[in-house]
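Inspection log for the structure reproduced underneath, given as structure tokens.
Throughout, numbering of the chain's residues begins at 1 and tracks the sequence.
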Amino acid sequence: MDEEKLKKYVDSREFAVPQEMIENELAFLVTELQCRRRYENLAGGGPLSYSPEELEAQMEDLRAEAVRAVKTRLVIQQIIKEQNIQVSPEELEAEAQGIAARKNVPLEMVKGFLGEDFGMLKSDLTERKAVAYICNQI
């Protein structure tokens, strides 16, 4: 449900998406697609990579996906900035405790993995708050 609302919100925004960002995202998606193919066919004996023709057939969809991903990322970043969305130390600690409980591991292990400053977790929570804000606007 939130994904549909986010897509609707992002699609309603018109702005130029930097070509370099699209190309970087497209390169990532192509690499991810090739890695998935290798993984899926490794045991089965199928081809380990897409032929240039197979890849070309998928490029239009991959390019559209790249544009959508970059545009979504830019919209979320703009909302974070405009709404001054921040994550408190208490929210980070609570999320880390939740992760530890869900994974049934000690909190210290989670903190060791995430780092003492919770950098990745902070970014993730900030983006989630921005998405929640967007979804509440629709």
Side-chain angles (χ1 to χ4, degrees):
M1 182 70 159
D2 283 354
E3 192 172 313
E4 291 172 21
K5 287 181 178 180
L6 178 60
K7 183 181 181 317
K8 182 178 177 182
Y9 186 89
V10 169
D11 288 346
S12 72
R13 302 295 177 256
E14 292 297 324
F15 60 91
V17 181
Q19 193 62 36
E20 184 177 351
M21 291 180 79
I22 294 169
E23 294 305 321
N24 288 341
E25 185 69 21
L26 183 59
F28 171 78
L29 291 173
V30 168
T31 300
E32 183 180 50
L33 184 67
Q34 291 282 25
C35 287
R36 220 178 356 209
R37 174 79 174 250
R38 285 185 197 109
Y39 178 77
E40 290 169 357
N41 291 332
L42 195 58
L48 294 181
S49 63
Y50 285 94
S51 70
E53 296 79 20
E54 289 174 311
L55 200 52
E56 187 61 36
Q58 296 188 45
M59 286 306 280
E60 186 176 329
D61 290 340
L62 289 171
R63 182 168 292 283
E65 187 177 339
V67 170
R68 191 175 316 105
V70 170
K71 192 173 178 182
T72 299
R73 196 164 43 248
L74 291 173
V75 166
I76 289 172
Q77 288 172 354
Q78 186 65 32
I79 292 297
I80 290 169
K81 183 178 176 183
E82 286 175 1
Q83 299 303 314
N84 193 29
I85 295 174
Q86 297 181 16
V87 176
S88 71
E90 295 79 18
E91 289 172 305
L92 288 169
E93 186 72 25
E95 184 65 19
Q97 289 174 354
I99 292 169
R102 286 189 301 276
K103 299 294 183 182
N104 198 27
V105 297
L107 177 60
E108 294 310 314
M109 182 181 280
V110 171
K111 286 183 175 182
F113 177 76
L114 295 173
E116 285 301 315
D117 68 346
F118 293 118
M120 289 175 28
L121 183 60
K122 185 175 185 177
S123 176
D124 183 54
L125 284 177
T126 304
E127 287 182 13
R128 280 197 257 160
K129 287 175 97 173
V131 169
Y133 172 84
I134 290 168
C135 291
N136 288 333
Q137 300 305 304
I138 296 178

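In this structure, Val110 and Leu121 have side chains that are not in contact, with every pair of non-hydrogen atoms separated by 4.5 Å or more.
The number of heavy atoms from other shown groups lying within 6.0 Å of CD (Glu4) does not exceed 12. The neighbour count for Glu60 CD, taken as heavy atoms of other residues, nucleotides or ligands under 6.0 Å away, does not exceed 12.
Expressed to the nearest 0.5 Å, how far CD1 of Ile79 lies from CD of Gln77 amounts to 11.5 Å.
Leu125 and Ile80 fall into different hydrophobic clusters, defined by Ile, Leu, Val, Met, Phe, Trp and Tyr side-chain heavy atoms under 4.5 Å apart, directly or through other members. Following chains of ILVMFWY side-chain contacts shorter than 4.5 Å, one cannot reach Met109 starting from Leu107, and the two form parts of different hydrophobic clusters. Hydrophobic clustering (ILVMFWY, side-chain heavy atoms < 4.5 Å, transitive): Ile76 and Val17 are in one cluster. In terms of hydrophobic clustering, with Ile, Leu, Val, Met, Phe, Trp and Tyr side chains grouped at heavy-atom distances under 4.5 Å, Ile22 and Val75 are assigned to a common cluster. Following chains of ILVMFWY side-chain contacts shorter than 4.5 Å, one can reach Leu92 starting from Leu114, so the two form part of one hydrophobic cluster.
Judged purely by atom type and a 3.5 angstrom limit, Ser123 has no side-chain atom pairing as donor or acceptor with the backbone of Met120.
Of all non-hydrogen atoms in Leu74 and Pro18, the two that sit nearest each other are CD1-CD, 3.8 Å. Residues Leu33 and Leu55 share a closest heavy-atom pair of CD2-CD1, 4.0 Å.
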Please tabulate, for the side chains in residues 130-138, all donor-acceptor contacts under 3.5 angstrom to protein atoms that are two or more places apart in sequence or on a different chain.
| unit_1 | atom_1 | unit_2 | atom_2 | d |
| --- | --- | --- | --- | --- |
| Tyr133 | OH | Gln83 | NE2 | 3.2 |
| Asn136 | ND2 | Ala132 | O | 3.2 |

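Identified under the salt bridge (Lys or Arg N to Asp or Glu O under 4.0 Å) test for residues 9-21, with sequence neighbours left out: Lys7-Asp11.
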**OP:** Assess whether side chain to side chain contact (heavy atoms under 4.5 Å, CB included) is satisfied between Glu65 and Leu62, documenting all intermediate values.
**Re:** CA-CA 5 Å; Glu65 187 177 339; Leu62 289 171; 4.3 Å; yes
Subject >> side chain to side chain contact (heavy atoms under 4.5 Å, CB included) assessment of Val30 paired with Gln58 >> reply: CA-CA 9 Å; Val30 168; Gln58 296 188 45; over 6 Å; no
Original post:
So Glu95 and Lys122, salt bridge (Lys or Arg N to Asp or Glu O under 4.0 Å) or not? Walk me through it.
Top reply: CA-CA 10 Å; Glu95 184 65 19; Lys122 185 175 185 177; over 6 Å; no
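Just one residue in the list Glu108, Arg102, Lys103 forms a side-chain contact (heavy atoms from CB on, under 4.5 Å) with Val105, and that residue is Lys103. Screening Arg63, Arg73, Arg68, Lys71 for a salt bridge (charged side-chain N to carboxylate O under 4.0 Å, His left out) involving Glu25 leaves a single residue, Arg73.
Residues meeting the side-chain hydrogen bond (donor to acceptor under 3.5 Å, both in side chains) test with Lys129, sequence neighbours left out: Glu91.
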